[in-house]
Amino acid sequence: MKAFQHLFLSILVAASVLALSGCGVSEEQHGKAVTELGRVKAELDKTMAELKKTEADLAQAVSKNAALEKSLGEAQAQIRSESKGSAAAISSAAQDKLAASQKQVSDLQAQVKSLSRENSNLKILLEKLQAEYAEIQKKLGGGVQLPTQQLPAGLPKKQ
């Protein structure tokens, strides 16, 4: 009876060891997953950096555009106020000033138009980056959070 218990216990231990050693993910699959996760994380970091830069560029372009529009409005108001007098009464100095103001207005209009185009391009780029970011999150499974620590460079060593 004691020999039977000893034999049964030995078989049970051997079966457990075999079952546990066969479970889990292979090292190759684990390595591929870690490599893919590292690649996706690097791509996400790069995309987030581009997104932040684009948002900063967009904010700068919007503020510059607003400043130029304000300058344009002031120049137009100045032209209107200067042109209220009769044409015969305007001196040559005033005419020179009016011509300079009109040139400044046309320059400012060109800058506003250029910045508006740049603003549109930056908005399109921002939308593309946001779509890429959403796609990366989708690839990661949405609810999966990236580890906050650096991933190991290779597979864990067997002891």
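Computed from heavy atoms alone, side chains included, the values below leave out hydrogens, waters and symmetry copies. A quick note: this is a predicted structure, and the numbers were derived from the prediction, not measured.
Rounding to the nearest 0.5 Å places CG of Leu125 at 10.0 Å from CD of Gln130. Atom NZ in Lys53 sits 15.5 Å away from atom CE in Met48 (nearest 0.5 Å). Annotation: the span from Leu72 atom CG to Glu74 atom CD amounts to 9.5 Å, rounded to 0.5 Å. Rounded to the nearest 0.5 Å, atoms CG (Leu126) and CG (Asn119) are 10.5 Å apart. Distance check: His30 NE2 to Leu37 CG gives 10.0 Å after rounding to the nearest 0.5 Å. Considering CD of Glu55 and CG of Leu129, their distance stands at 9.0 Å, rounded to 0.5 Å.
Within the 3.5 Å criterion, the main-chain N or O of Ala110 finds no donor-acceptor partner in the side chain of Ser114.
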request  = Please step through salt bridge (charged side-chain N to carboxylate O under 4.0 Å, His left out) for the pair Glu36 and Arg39, ending with a clear verdict.
outcome  = CA-CA 5 Å; Glu36 177 69 13; Arg39 186 190 64 73; 2.6 Å; yes
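Applying the side-chain contact (heavy atoms from CB on, under 4.5 Å) test between Asp107 and each of Gln109, Gln111, Lys103, Gln104 identifies Lys103 as the sole match.
Applying the side-chain hydrogen bond (donor to acceptor under 3.5 Å, both in side chains) test to every pair with at least one member in residues 58-73, sequence neighbours left out, gives no pairs at all.
Considering every non-hydrogen atom in both Thr54 and Leu122, the closest pair reads CG2-O, 3.8 Å. The two residues Tyr133 and Thr47 come nearest to each other via the heavy atoms N-CG2, 4.4 Å.
Glu127 meets the side-chain contact (heavy atoms from CB on, under 4.5 Å) test with no other residue; sequence neighbours excluded.
Using a cut-off of 4.0 Å between Lys/Arg side-chain N and Asp/Glu carboxylate O, Lys139 and Glu135 are scored as not salt-bridged.
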